[in-house]
*Asks:* 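Got a structure here, written out as C-alpha cells. Questions coming.
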Amino acid sequence: MSAVLNRLYWDLCGYLRPMLKRVLKFSKILAGNYSKNSMFQSVTAIFMFGSLLCFFVVMGSSYFYMFPSSEKVVETNRSRDGNSISKECNVFDGKWVVDGSYPLYNASDCPFIERGFDCLANGRKDNEYQKWRWKPKNCEIPRFDVGAVLKYLRGKRVVFVGDSLSRTQWESMVCMLMSGVEDKRFVYEANGNEITKQIRHLSVRFETFAFTVEFYRSVFLVQPGPAPKHSPKRVKNVLRLDQMDDLNKEWIDSDILIFNSGHWWTPTKLFELGWYFQNGGRMKLGMPISNGFKIALATWQSWVENEVNPNKTRVFFRTFESSHWSSGSRQNCKVTMQPSLKVKGKQKSSISDAIIKAVNNVSIPVTLLHVTPMGAFRSDAHVGSWSDNPSVPDCSHWCLPGVPDMWNELVFSFLLSQ
C-alpha cells in the first residue's frame with residue numbers, strides 16, 4: 001500500500017512541476033516587459049516567491065496526508081489466540097518504572113497471603129519494591145480495573161496449576177480481586193482449608209460474583225509414583241513422564257487455566273531425593289533432567305490438545321521466574337534496595353526455552369506469559385530473610401504485593417482484550 005501511495009505522490013509532483021515552470025516563465029516575461037517599473041519588479045518578486053511557497057506547501061501537505069507519522073501508523077496482525085496485536089509491541093520487552101499508585105492492595109487486608117510472603121509484616125523496613133510497574137517499550141498495559149475484571153469473571157472458574165510460584169500468583173490474584181469487593185465476608189476458602197505449602201487444592205470463592213480462583217499443587221505436571229519393584233536402592237520414587245498428574249481431571253472444566261513448572265526440575269529436588277524418570281513403563285536412570293522436562297512438556301501438550309475445549313477454556317503457560325541467588329548453593333541471598341540495572345544473563349533460561357517451544361507446538365491457542373526477562377531486573381523484590389523462617393534465605397519467591405501482581409495484570413489484559 002505504501003508503495004502505491006509513494007508512486008501517486010511522485011506522479012503528482014511530475015504533474016505540478018510543469019505548471020510551476022510555466023508560472024515562472026510568465027513571471028519572467030512580465031518582469032522583462034516592465035523591468036523599468038520598480039514597483040512592478042517588487043510585485044513580480046513577491047508573486048514568484050509566493051508561487052514557489054505555495055508549490056512547496058501543496059507538495060508537503062500532500063506528502064503528510066498520504067504518509068502520516070509512524071507514531072500513528074500501526075500495522076497489526078492476528079495472534080495465535082485471535083487477538084489483534086501490534087507487530088511492534090511485545091509486552092514482555094520493556095522496563096520497570098516507578099509508579100506511586102502501586103501497590104494494588106494492602107497485604108494486611110488480605111487473609112489469603114501466606115505469612116512467608118508478607119515481607120513488611122515480617123520486618124522489612126523499605127517498601128519501594130512495591131512501587132514499580134512494568135512498562136513495555138512500544139505500548140501500554142491497561143491499568144488494572146478491578147470492577148471490569150470482577151464483572152468479566154462472573155460465573156467463571158480460574159484454575160492455577162503448578163508449584164509454589166503458581167501458588168504465589170494465585171494468592172496475588174485473590175488479593176487483587178478482593179480489593180474490589182465491598183463485603184469481604186463473601187470471599188472465602190470453599191473447603192475451609194488453610195493455605196499451606198503442601199496442600200494440593202485451594203479454592204477461594206467470590207460469592208457475590210459466583211466465581212472461584214483455585215490452585216492445584218502439581219510441581220511436575222506429570223504423575224509421581226512409587227518406585228517399581230526391583231529398582232536400584234537409590235530409586236525412591238519415579239516421575240511417569242508419559243502420564244499427566246492424576247489431578248488433571250479437576251482442571252478440565254475451567255474457563256481460565258494457568259500453568260507453570262520448572263523450579264522442581266533440578267538435581268537437588270530430583271536425583272538427590274531419589275526421584276528418577278519412567279517413560280513407557282521403563283526406567284530411565286541415565287536420562288538428563290532437561291530431556292525429562294521436554295518429555296513432560298510433550299505429555300502436557302498432548303493433554304491440552306486432546307482434553308481442553310478451546311471454545312471454553314483460555315490456557316496460559318508462564319515461563320521460568322528469575323531468581324537471584326548469589327551462589328549456586330542457594331545459601332547466599334542478597335536482596336537489593338532497587339531493581340538491578342544489569343540482568344547478568346538471568347533474562348534467559350533453558351527451562352523457559354523448552355516451555356516456549358512446547359507452547360508454540362500446541363495445535364490449539366495457548367497464551368505464553370514470558371515473564372523471565374521481566375523478573376531478571378527484580379533483585380529487590382524477593383522474600384530474602386523477611387519470611388516466616390528468616391534463618392532460611394529465599395531469593396526464589398517474591399514478596400507480596402510485588403512482581404506476581406504484574407503477571408496477573410498481563411493475564412487480565414489478555415483476557416479483557418477479547
Side-chain angles (χ1 to χ4, degrees), residues 2 68-99 102 104 132-145 149 162 165-166 169 172-173 176 256-262 297 301 304 310 314-324 339-381 398 402-418:
S2 60
S69 70
S70 59
E71 293 180 357
K72 295 182 180 180
V73 177
V74 179
E75 188 175 359
T76 61
N77 68 340
R78 303 298 292 181
S79 66
R80 295 180 71 247
D81 51 19
N83 291 330
S84 242
I85 58 174
S86 168
K87 284 184 177 180
E88 296 184 1
C89 179
N90 174 7
V91 294
F92 306 108
D93 181 17
K95 63 181 180 180
W96 293 92
V97 296
V98 176
D99 191 319
Y102 282 65
L104 299 173
W132 295 87
R133 174 176 59 87
W134 180 252
K135 171 68 174 68
K137 286 183 179 179
N138 298 311
C139 58
E140 287 284 349
I141 298 171
R143 291 282 181 167
F144 175 60
D145 183 343
V149 174
L165 273 299
S166 179
Q169 187 179 3
S172 162
M173 180 176 286
M176 290 171 68
I256 301 160
L257 184 54
I258 305 171
F259 291 95
N260 100 297
S261 190
L297 288 174
Q301 175 188 337
V304 169
R314 181 73 180 271
V315 183
F316 295 84
F317 205 128
R318 196 179 74 250
T319 58
F320 194 72
E321 309 85 357
S322 301
S323 57
H324 291 84
S340 303
L341 296 177
K342 297 181 180 180
V343 294
K344 300 178 180 178
K346 296 183 181 297
Q347 79 281 12
K348 297 181 180 179
S349 164
S350 59
I351 292 175
S352 294
D353 291 343
I355 292 170
I356 294 169
K357 185 175 181 180
V359 168
N360 288 337
N361 287 334
V362 180
S363 61
I364 70 170
V366 175
T367 302
L368 182 75
L369 296 174
H370 188 27
V371 303
T372 312
M374 298 170 55
F377 298 95
R378 297 307 306 275
S379 57
D380 62 316
W398 308 94
V403 171
D405 304 332
M406 200 67 242
W407 303 342
N408 287 323
E409 285 197 72
L410 287 168
V411 169
F412 294 138
S413 69
F414 281 117
L415 292 172
L416 294 181
S417 67
Q418 293 178 320

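Quick note: numbers below take in every heavy atom, side chains included, and nothing from hydrogens, waters or symmetry partners.
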*Asks:* Above 12 or not: heavy atoms from other molecules or residues under 6.0 Å from NZ of Lys95?
*Replies:*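 Result for NZ/Lys95: open.
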*Asks:* For a 4.5 angstrom cut-off between non-hydrogen side-chain atoms, does Phe412 reach Asp145?
*Replies:*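 Not in contact.
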*Asks:* Is the shortest heavy-atom distance from the side chain of Ile356 to the side chain of Leu368 under 4.5 Å?
*Replies:*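 When only atoms from C-beta onward are counted, Leu368 and Ile356 do touch, with a gap below 4.5 Å.
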*Asks:* Distance from Phe144 atom CZ to Leu416 atom CG, nearest 0.5 Å?
*Replies:*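 The CZ atom of Phe144 sits 9.5 Å away from the CG atom of Leu416.
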*Asks:* For Pro339 and Ser379, which heavy atoms make the closest approach, and how far apart are they?
*Replies:*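 The answer is C-OG, 4.4 Å.
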*Asks:* Looking at Trp407, is Arg318 sitting on its ring face, NZ or CZ under 6.0 Å from the six-membered ring centre and within 45 degrees of the normal?
*Replies:*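 Geometry flag: set, cation within 6.0 Å and 45°.
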*Asks:* May I ask you to check whether Phe316 and Phe259 place their ring centres under 6.0 Å from each other?
*Replies:*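 No, the ring of Phe259 stays outside the 6.0 Å limit from the ring of Phe316, centre to centre.
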*Asks:* Under 4.5 Å between any side-chain heavy atoms of Arg143 and Asp99, yes or no?
*Replies:*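 They are in contact (side-chain heavy atoms under 4.5 Å apart), so the answer is yes.
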*Asks:* Determine whether Asn260 and Glu321 satisfy the following criterion, side chain to side chain contact (heavy atoms under 4.5 Å, CB included), listing intermediate values before the conclusion.
*Replies:* CA-CA 9 Å; Asn260 100 297; Glu321 309 85 357; 3.2 Å; yes
*Asks:* Are Val149 and Met176 packed together at the side-chain level, in the sense that at least one heavy-atom pair is separated by less than 4.5 angstrom?
*Replies:*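 No; the side chains remain at least 4.5 Å from each other.
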*Asks:* Is there a side-chain contact between Phe317 and Leu297 in this structure, where contact means two heavy atoms from C-beta onward sitting under 4.5 Å apart?
*Replies:*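 The answer is yes; the side chains approach within 4.5 Å.
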*Asks:* Compare every heavy atom of Ser322 with every heavy atom of Ala376, then report the nearest pair and how far apart it is.
*Replies:*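 For Ala376 versus Ser322, the nearest heavy atoms are N-OG, 3.4 Å.
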*Asks:* Taking all atoms of both residues into account, what is the closest heavy-atom pair of Val403 and Ala381, and its distance?
*Replies:*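 Scanning both residues, the minimum pair turns out to be CG2-CB, 3.8 Å.
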*Asks:* Got a second to check how far Ser172's OG is from Asp405's CG, nearest 0.5 Å?
*Replies:*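 CG of Asp405 is found 3.5 Å from OG of Ser172.
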*Asks:* Quick check on side-chain contact (heavy atoms from CB on, under 4.5 Å): which of Thr367, Ile256, Ile141 does Phe414 satisfy it with?
*Replies:*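 Only one option passes, and that is Thr367.
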*Asks:* Can you give me the closest heavy-atom contact between Asn408 and Met173, atom names plus distance?
*Replies:*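 In terms of heavy atoms, the two residues are closest at ND2-N, 3.1 Å.
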*Asks:* Report yes or no: is the cationic atom of Arg133 (NZ for Lys, CZ for Arg) under 6.0 Å from the centre of the six-membered ring of Trp96, at an angle within 45° of the ring normal?
*Replies:*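 No cation-pi geometry.
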*Asks:* Can you name the side-chain contact (heavy atoms from CB on, under 4.5 Å) partners of Gln301, sequence neighbours left out?
*Replies:*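 Per chain and number, Gln301 pairs via side-chain contact (heavy atoms from CB on, under 4.5 Å) with Glu305, Asn361, Val362.
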*Asks:* Atom NE2 in His370, atom CZ in Phe92: separation rounded to 0.5 Å?
*Replies:*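 It comes to 8.0 Å.
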*Asks:* So do the side chains of Leu165 and Trp398 get within less than 4.5 Å of each other, counting heavy atoms only?
*Replies:*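 SC-SC contact between Leu165 and Trp398 confirmed.
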*Asks:* Are Leu257 and Arg314 close enough that some pair of their side-chain heavy atoms sits under 4.5 Å apart?
*Replies:*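 SC-SC contact between Leu257 and Arg314 ruled out.
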*Asks:* Quick check against the 3.5 Å criterion: does Trp134 have a side-chain atom that pairs as donor or acceptor with the backbone of Val97?
*Replies:*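 Not a single qualifying donor-acceptor pair exists.
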*Asks:* Between side-chain atoms of residues 341-352 and protein atoms elsewhere (two or more places apart, or another chain), which donor-acceptor pairs fall under 3.5 Å?
*Replies:*
unit_1: Lys346; atom_1: NZ; unit_2: Ser323; atom_2: O; d: 3.4
unit_1: Gln347; atom_1: OE1; unit_2: Gly345; atom_2: N; d: 3.3
unit_1: Ser349; atom_1: OG; unit_2: Ile351; atom_2: N; d: 3.2
unit_1: Ser349; atom_1: OG; unit_2: Ser352; atom_2: N; d: 3.3
unit_1: Ser352; atom_1: OG; unit_2: Phe320; atom_2: N; d: 3.0
unit_1: Ser352; atom_1: OG; unit_2: Thr372; atom_2: OG1; d: 2.7

*Asks:* Check step by step if side chain to side chain contact (heavy atoms under 4.5 Å, CB included) holds for His324 and Asp380.
*Replies:* CA-CA 9 Å; His324 291 84; Asp380 62 316; over 6 Å; no
